[in-house]
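First the structure, in the form of structure tokens, and then the observations on it.
Since this is a predicted model, take the numbers as computed values, not measurements. Atoms considered below: every heavy atom in the structure, side chains included; atoms not considered: hydrogens, waters and symmetry mates.
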Amino acid sequence: MTTRAPSAPVAAEGSAPARWHRLDRRMLLIRPVLDVVRSLPVLVGALFLGHGSYWQWIGLVATGVTVAVGISHCLTSRYRITETQVEWRTGLVLRKHRAVPRDRIRTVDVVSEPKHRLFSLAAVRIGTGRHAHGKGPVKDELILDAVTRSEAARLRTLLLHRKPVTEESAAGPAETVLATVDKRWLRYAPFTLSGIAVVGAVLGATYHFAHELHFDPARYGPIRELTRRALEQPVWLTVLVAAVGLLALVSVLSVGGYALSFWNFRLTREPGGTLHIRRGLVTTRSVSIEENRLRGAELKEPLPLRMVGGAKCVAMATGLHEADRGGGLLLPPAPVARAHEVAAAVIGEDLANVPLTRHPQRARTRRITRAVTGVLVLAATLFGLAQLGVLPNWPWQAAPVLLPFAVLIGLDRYRTLGHAITGRYLVTRSGSLARATVAVRRDGLTGIVLEQSLFQRRAGLLTVLAPIAAGRGHYRVLDVGEAEGVSLADAVQPGLLTPFLVPDSRAVEEETRG
């Protein structure tokens with residue numbers, strides 16, 4: 001985050017300087033409780049493990065200091081919006097002052113967690129799109145963590161629409177609705193498999209605590225009885241029952257996660273040229289994306305979701321980095337036709353009707369070879385572990401069963417491959433287990449790159465890489481023919497490759513003869 005000495009606000013001639021605003025005082029009813037909850041491990045350790053010793057007082061003092069710092073933050077935090085920057089200051093003993101130029105603001109997110117919704121408050125996150133690198137990537141943003149909802153709406157409109165600073169204008173402009181969630185879309189939730197992450201996290205945490213406490217749940221109660229029955233019945237039946245139970249649990253958790261994340265989802269376009277995304281049931285989130293910073297859209301179709309005709313649409317915009325892409329979700333898992341409609345409404349191109357150029361047959365061989373090689377490497381690894389006595393023999397003997405599926409995946413990956421240039425966009429599609437169709441604005445590219453591995457060179461193929469300061473940072477057109485790839489790169493960025501192109505010797509000879 002840019003830190004600089006506070007400068008005098010630039011105001012119109014004869015106008016009063018922008019005044020400082022406080023955070024909402026109702027946060028004082030929430031912040032101490034949250035600080036005590038965060039300090040519970042220290043507090044519990046001090047009261048029970050350190051009973052009767054000085055460690056008890058150290059724990060109590062540490063908790064008291066934490067609560068005092070939180071209260072000081074609520075009482076001393078101030079912010080103001082000038083014509084040129086957003087300023088924020090806080091601190092009683094150690095003062096902090098930060099300033100962000102308004103012309104560098106890329107996103108304004110409004111988040112209402114349960115602690116905020118209790119008092120009709122919200123947190124405003126003002127991001128510049130930059131990442132500071134110290135101990136890992138840290139998002140460069142300024143957070144006003146306790147303002148009223150009306151003030152949050154005023155700040156979002158004020159900072160993104162670049163309107164003159166006024167203390168009144170809280171009313172936002174009229175909006176055009178592009179998409180809203182349909183309750184029937186809950187049927188797509190189990191096919192996102194998002195519940196797998198929740199199940200994995202819960203099982204991992206349970207195993208960790210049980211291991212630390214030397215507790216074996218298989219020795220107690222119903223788990224012991226369940227384990228006994230599982231050992232008595234055939235292995236295939238145990239595996240089948242466990243798989244069905246896990247699938248049912250993952251489906252229920254996925255539906256719950258879908259409802260919590262995307263309930264009340266609403267995508268709108270404001271007259272000022274801003275896309276406004278609102279979603280959430282318990283924790284609500286509001287994200288605004290300026291359309292002049294929009295660099296394209298991506299339709300994502302993971303295999304389970306594609307099997308039931310579903311897809312989701314994600315925006316690519318400068319300032320919206322890969323870690324923030326959840327905020328750029330233009331449409332949650334929904335019918336693929338609806339995802340195409342939303343993408344067309346946002347970028348102005350109907351991706352469903354764009355004829356894609358097929359890639360050479362050599363690319364099919366390469367896709368199948370890569371898929372089959374993966375299975376053979378897995379079988380060889382399992383064989384090596386079996387020879388070392390780590391695993392029995394049956395895993396590597398069963399691995400070749402996956403070869404037909406690998407061939408099918410390779411064929412599907414080739415069938416998916418395609419690219420096209422339509423209007424202002426380069427469109428590319430690839431993937432099977434995670435198919436994605438991407439439309440990237442050509443005038444937003446930072447260059448063009450041609451990549452060719454040793455195996456691609458032998459097959460006469462190459463990959464065209466389109467770098468862009470949005471989304472994943474670059475997008476690939478995989479395994480196109482060498483001549484076609486060069487022509488595509490030259491069409492995407494006209495004239496950029498011309499100085500590096502070597503004329504074909506045969507063409508020069510024919511031209512000379514003519």
Side-chain angles (χ1 to χ4, degrees), residues 1-11 15-32 34-35 66-113 115-116 119-132 134 137-170 285-288 290 319-321 324 327:
M1 180 69 67
T2 302
T3 304
R4 61 176 67 176
S7 59
V10 180
S15 63
R19 66 184 180 88
W20 291 93
H21 298 266
R22 297 174 179 268
L23 297 181
D24 196 284
R25 293 297 180 88
R26 285 174 289 185
M27 197 64 182
L28 289 171
L29 301 175
I30 306 174
R31 184 64 182 264
L34 296 177
D35 290 335
T66 301
V67 173
V69 170
I71 294 175
S72 173
H73 172 79
C74 294
L75 292 176
T76 61
S77 291
R78 304 284 191 278
Y79 68 92
R80 69 175 176 180
I81 315 296
T82 73
E83 291 289 343
T84 58
Q85 60 188 17
V86 179
E87 296 183 60
W88 173 80
R89 67 186 184 189
T90 188
L92 185 62
V93 178
L94 179 62
R95 300 291 301 271
K96 296 181 180 179
H97 192 122
R98 303 170 75 177
V100 178
R102 291 181 62 181
D103 59 2
R104 284 179 48 195
I105 294 175
R106 299 293 181 267
T107 58
V108 178
D109 295 1
V110 179
V111 180
S112 292
E113 298 178 3
K115 64 182 181 182
H116 297 115
F119 295 102
S120 298
L121 300 178
V124 178
R125 298 175 179 174
I126 304 168
T128 64
R130 292 174 57 251
H131 278 60
V138 180
K139 187 178 179 182
D140 187 8
E141 65 180 4
L142 190 154
I143 301 177
L144 307 177
D145 57 0
V147 298
T148 62
R149 292 179 180 175
S150 59
E151 174 66 0
R154 184 186 77 89
L155 291 174
R156 185 185 67 82
T157 302
L158 187 66
L159 296 176
L160 286 181
H161 290 284
R162 310 291 193 257
K163 293 183 177 179
V165 178
T166 61
E167 297 296 334
E168 294 81 12
S169 63
R285 185 176 184 184
S286 173
V287 180
S288 298
E290 289 184 285
L320 195 66
H321 290 263
D324 314 321

Please name the pair of heavy atoms, one in [X] and one in [Y], separated by the smallest distance, quoted to 0.1 Å.
| X | Y | answer |
| --- | --- | --- |
| D145 | H116 | O-NE2, 2.9 Å |
| R285 | V111 | CG-CG2, 4.0 Å |
| M27 | P32 | O-CD, 4.2 Å |
| E290 | I105 | OE1-O, 4.2 Å |
| H73 | T90 | ND1-OG1, 3.6 Å |

If you apply the rule side chain to side chain contact (heavy atoms under 4.5 Å, CB included), what do you find for V86 with R98, and how did you get there?
CA-CA 8 Å; V86 179; R98 303 170 75 177; over 6 Å; no
Can you list the residues that meet the side-chain hydrogen bond (donor to acceptor under 3.5 Å, both in side chains) rule with E113, with sequence neighbours excluded?
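Result, side-chain hydrogen bond (donor to acceptor under 3.5 Å, both in side chains) vs E113: none returned.
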Quick one: side-chain hydrogen bond (donor to acceptor under 3.5 Å, both in side chains) partners of T148, sequence neighbours excluded?
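Scan of T148 (side-chain hydrogen bond (donor to acceptor under 3.5 Å, both in side chains), adjacent residues dropped) gives S150.
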Test L155 against V108 for side chain to side chain contact (heavy atoms under 4.5 Å, CB included), laying out the working first.
CA-CA 8 Å; L155 291 174; V108 178; 5.6 Å; no
With a 3.5 Å distance limit and no angle check, can you tell me whether [X] reaches the backbone of [Y] through a side-chain donor-acceptor pair?
| X | Y | answer |
| --- | --- | --- |
| S72 | A68 | no |
| R95 | G91 | yes |
| S112 | L121 | yes |

Holding to salt bridge (Lys or Arg N to Asp or Glu O under 4.0 Å), I want the full list of residues that pass it with R26, two or more places apart in sequence or in another chain.
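Per chain and number, R26 pairs via salt bridge (Lys or Arg N to Asp or Glu O under 4.0 Å) with D24.
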From [atom1] ([X]) to [atom2] ([Y]), nearest 0.5 Å:
| X | Y | atom1 | atom2 | value |
| --- | --- | --- | --- | --- |
| R19 | T82 | CZ | OG1 | 14.5 Å |
| R125 | L144 | CZ | CG | 11.5 Å |
| L94 | T76 | CG | OG1 | 10.5 Å |
| H21 | E87 | NE2 | CD | 12.0 Å |

Are the side chains of [X] and [Y] in touch, meaning some heavy atoms are under 4.5 Å apart?
| X | Y | result |
| --- | --- | --- |
| R78 | R22 | yes |
| R102 | L159 | yes |
| Y79 | V147 | yes |

